[in-house]
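Every value quoted in this text rests on a predicted model; they were computed, and no experiment measured them.
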Amino acid sequence: MKIKPLLWALSCILGLAACNKENKAEKVDYVLFSGKVSNTLENKINVFRNSDSFKKVISINEDGTFSDTLKIESKGSYTFTIGRERSSLYLDHGDQLELTIDTKQFDESIKYTGTAADANNYLAERALIAERLFAGGPEGYKKLFMNEVDEFKKLISQNEQAKNDAIKKYKNLDPEFVATQTKDNRYEYLSMLNNYPSTHSHYAKKEDYKAPEGFLDELKDFNIDNAEDYEKSSAYRRLSSDVFYRISEEKATKDSISMDKAMMENLAQIKSKNIRNAFMKNMAYQVSPRNDNAAELYDMLMAASDDEEFKSELTNKFEKIKVLVKGNVSPVFNDYENYKGGTTSLSDLKGKYVYIDVWATWCGPCKAEIPHLKKIEKQYHSKNIEFVSISIDKKPQHDAWRTMVKEKELGGIQLFADNDWGSQFVVDYGIRGIPRFILIDPEGKIVSASAPRPSDPKLVEVFNELSI
């Protein structure tokens with residue numbers, strides 16, 4: 001064979017191979033996700049995205065390695081969790097992404113390699129920048145919002161700038177990703193700005209606090225009715241929800257109407273169906289025993305919604321809370337394990353008021369109430385009231401519960417529920433978030449299905465009204 005025909009034949013073969021490779025690449029609808037996790041007792045990684053219900057559970061091998069394919073529906077932001085820790089991911093079809101992480105230093109140790117490394121390393125760095133703003137967890141958050149206006153605004157502006165500067169360090173970023181992240185950084189800044197007046201008022205104990213004139217001017221043109229951003233950006237979702245709540249509070253005060261009615265009137269102005277539905281689902285949380293206007297809000301939501309599944313769930317919820325009104329016989333718990341030995345039922349406590357704290361060892365807000373609960377218990381130690389704490393930790397956390405009760409020297413009656421969130425007492429009270437506090441009278445009737453927290457001065461007012 002002559003040289004030229006041979007070269008021509010080879011070029012054809014290579015050309016066809018290249019074409020086939022391109023065609024295969026175009027059809028790839030998955031991500032290759034692999035890596036190694038150090039110092040973990042967990043045996044799985046969960047990857048998910050709430051906006052399209054994507055979820056994948058990846059097994060972690062005994063040596064810490066993992067590898068799997070993720071058949072994602074579309075590119076964008078996802079989340080992965082290992083145990084109770086979580087972090088963000090950015091995924092696109094055809095990506096090959098490798099992660100190394102040490103769970104003893106979760107956020108600080110995250111490193112990515114592969115085709116999507118820059119975007120994901122930026123997200124890891126961004127999380128650390130955000131974390132520095134709230135150094136110290138809840139106390140750091142409190143410290144930030146305790147600042148006066150000028151210092152607060154300087155700190156959150158510097159935080160936004162630091163995140164934007166970090167983007168510039170990574171060269172292989174999709175322009176759309178850069179635009180989205182820059183926009184999200186602005187939304188997070190605006191969200192903190194929006195929340196400052198009420199949060200500062202709370203932490204600084206300034207009941208009638210008003211932010212200076214013009215403080216919220218940057219939010220004047222913010223559109224809470226942007227369907228596309230609501231779908232794609234969690235930062236936008238938080239901000240739009242917060243602004244909706246704030247302007248509803250302002251409307252309720254200005255028009256002298258209930259908060260529920262103000263929200264419904266503002267909801268009527270929302271044109272985007274996905275936002276309307278999301279706001280209604282948020283409002284449905286107020287159809288609860290703690291809301292004296294729950295029946296009215298239920299009726300308004302039922303009239304406004306065209307989502308039959310939502311209406312069915314809301315009706316089921318409303319039917320449950322209708323029986324939790326003051327004066328009705330309380331749901332009961334039976335034979336819950338008592339830390340001090342044996343079991344305890346609600347009927348064992350008849351003849352005394354019972355203040356119940358539903359909590360768990362992993363719940364930060366629950367643990368924050370412990371010092372206040374101890375103080376209240378001491379104050380009412382010799383009174384006609386029992387303080388009962390019911391842990392809804394899952395069975396594998398049973399030892400952790402016993403350890404915490406001992407180490408924190410928890411008082412009162414410490415009980416372990418029989419089936420965590422599925423315990424009948426928890427279900428009957430419609431408990432979907434903790435801590436939750438319940439007050440029952442000596443006859444076993446409900447005083448409050450959602451009583452004030454120990455940290456709330458209103459609790460002592462309630463006890464005094466009952467002459468406890």
Side-chain angles (χ1 to χ4, degrees), residues 25-37 44-58 60 66-82 85-103 105-133 159-189 191 226-239:
E26 288 174 5
K27 292 179 181 177
V28 168
D29 62 351
Y30 56 83
V31 174
L32 296 176
F33 187 37
S34 61
K36 184 168 184 177
V37 184
K44 63 183 179 180
I45 297 177
N46 294 295
V47 182
F48 62 91
R49 181 162 74 168
N50 292 328
S51 61
D52 60 11
S53 300
F54 172 85
K55 185 173 182 180
K56 178 80 175 193
V57 179
I58 304 174
I60 300 175
F66 68 91
S67 180
D68 212 330
T69 56
L70 309 176
K71 294 206 65 166
I72 60 174
E73 292 186 17
S74 60
K75 71 176 179 180
S77 296
Y78 292 76
T79 299
F80 78 84
T81 62
I82 302 174
E85 298 279 7
R86 66 174 53 210
S87 188
S88 297
L89 285 171
Y90 183 79
L91 304 175
D92 194 3
H93 297 127
D95 282 345
Q96 296 183 31
L97 185 65
E98 295 90 41
L99 163 69
T100 58
I101 185 170
D102 184 337
T103 58
Q105 292 183 306
F106 195 89
D107 293 326
E108 294 80 2
S109 69
I110 292 174
K111 290 289 182 292
Y112 292 98
T113 55
T115 55
D118 273 9
N120 285 286
N121 282 324
Y122 163 71
L123 290 178
E125 182 175 350
R126 181 179 183 273
L128 292 176
I129 293 169
E131 192 175 283
R132 286 198 289 271
L133 186 64
N159 185 260
E160 179 189 14
Q161 188 60 52
K163 289 185 284 192
N164 288 338
D165 288 344
I167 297 176
K168 299 171 187 175
K169 292 167 51 178
Y170 300 94
K171 305 306 179 186
N172 298 316
L173 296 176
D174 182 340
E176 182 182 342
F177 175 84
V178 173
T180 298
Q181 291 301 315
T182 304
K183 191 187 288 187
D184 276 2
N185 294 340
R186 168 65 10 174
Y187 286 151
E188 290 183 352
Y189 163 83
S191 187
N226 184 328
E228 182 178 357
D229 278 7
Y230 197 91
E231 194 68 30
K232 292 181 178 179
S233 168
S234 60
Y236 176 85
R237 288 194 291 274
R238 286 192 297 272
L239 175 57

Looking only at heavy atoms, what is the nearest atom pair of Gln96 and Thr115, with distance?
N-OG1, 2.7 Å
Side chain of Thr182, backbone of Val178: donor and acceptor closer than 3.5 Å?
yes
Starting from the C-alpha separation in whole Å, work towards a yes-or-no answer on side chain to side chain contact (heavy atoms under 4.5 Å, CB included) for Tyr78 and Leu70.
CA-CA 11 Å; Tyr78 292 76; Leu70 309 176; over 6 Å; no
Go through it in stages, so that I can follow the logic: the residues are Val47 and Phe54, the test is side chain to side chain contact (heavy atoms under 4.5 Å, CB included), and I'd like the CA-CA distance, side-chain angles, deciding distance and then a yes or no.
CA-CA 8 Å; Val47 182; Phe54 172 85; 4.0 Å; yes
Using only atom types and a distance under 3.5 Å, with no angle test, would you say the side chain of Asn120 pairs donor to acceptor with the backbone of Ala116?
yes
Heavy-atom distance under 4.5 Å between the side chains of Tyr112 and Leu99, does that happen here?
yes
Indicate yes or no: at least one non-hydrogen side-chain atom of Glu85 is less than 4.5 angstrom from one of Phe80.
no
Working to the nearest 0.5 angstrom, can you tell me the gap between Ser233 OG and Leu239 CG?
9.0 Å
Steps toward side chain to side chain contact (heavy atoms under 4.5 Å, CB included) verdict (Glu125, Asn121):
CA-CA 6 Å; Glu125 182 175 350; Asn121 282 324; over 6 Å; no
For Gln161 and Asp165: C-alpha separation, side-chain torsions, deciding distance, then whether side chain to side chain donor-acceptor pair (under 3.5 Å) applies.
CA-CA 6 Å; Gln161 188 60 52; Asp165 288 344; 2.8 Å; yes
So, does His93 use its side chain to make a donor-acceptor pair with the main chain of Lys75 at under 3.5 Å?
no
How long is the straight-line distance from CG of Leu128 back to CG of Leu133, given to the nearest 0.5 Å?
13.0 Å
Residues Ile110 and Ser87: closest non-hydrogen pair is CD1-OG, 3.5 Å
Output the distance between atom NZ (Lys232) and atom CG (Asn226), rounded to the nearest 0.5 Å.
10.0 Å
Would a 4.5 Å heavy-atom cut-off, applied to side chains only, mark Asp107 and Glu131 as touching?
yes
Determine whether the side chains of Gln181 and Asn185 contain a donor N or O and an acceptor N or O closer than 3.5 Å.
no
Evaluate side chain to side chain contact (heavy atoms under 4.5 Å, CB included) for Tyr236 paired with Arg186, printing each intermediate quantity in order.
CA-CA 9 Å; Tyr236 176 85; Arg186 168 65 10 174; over 6 Å; no
With a 4.0 Å cut-off on N to O distance, would you call Glu73 and Arg49 a salt bridge?
no
Nearest heavy-atom contact between Ala162 and Ile129 is O-CD1, 3.7 Å
State the OG1-CG distance between Thr180 and Leu173, to the nearest 0.5 angstrom.
11.5 Å
Side chains of Ile167 and Phe177, heavy atoms from C-beta outward: is any pair under 4.5 Å?
no
Asp118 side chain to Asn172 backbone, donor-acceptor under 3.5 Å
yes
Hey, are the side chains of Glu188 and Arg126 touching, using non-hydrogen atoms and a 4.5 Å cut-off?
yes
Are the side chains of Val31 and Asp92 in touch, meaning some heavy atoms are under 4.5 Å apart?
no
Are Phe106 and Arg86 side-chain neighbours, meaning at least one heavy-atom pair lies under 4.5 Å?
no
Ile101 CD1 to Glu108 CD distance, which is reported to the nearest 0.5 Å:
9.5 Å
Verify the distance criterion only: is there a donor paired with an acceptor across the side chains of Thr113 and Glu98 at less than 3.5 Å?
yes
Identify the two heavy atoms, one from Lys36 and one from Phe66, that lie closest to each other, and give their separation to 0.1 Å.
N-CE2, 3.7 Å
Distance from Thr81 atom OG1 to Ile45 atom CD1, nearest 0.5 Å?
8.5 Å
Does Phe33 reach the side chain of Leu89, with side-chain heavy atoms less than 4.5 Å apart?
yes
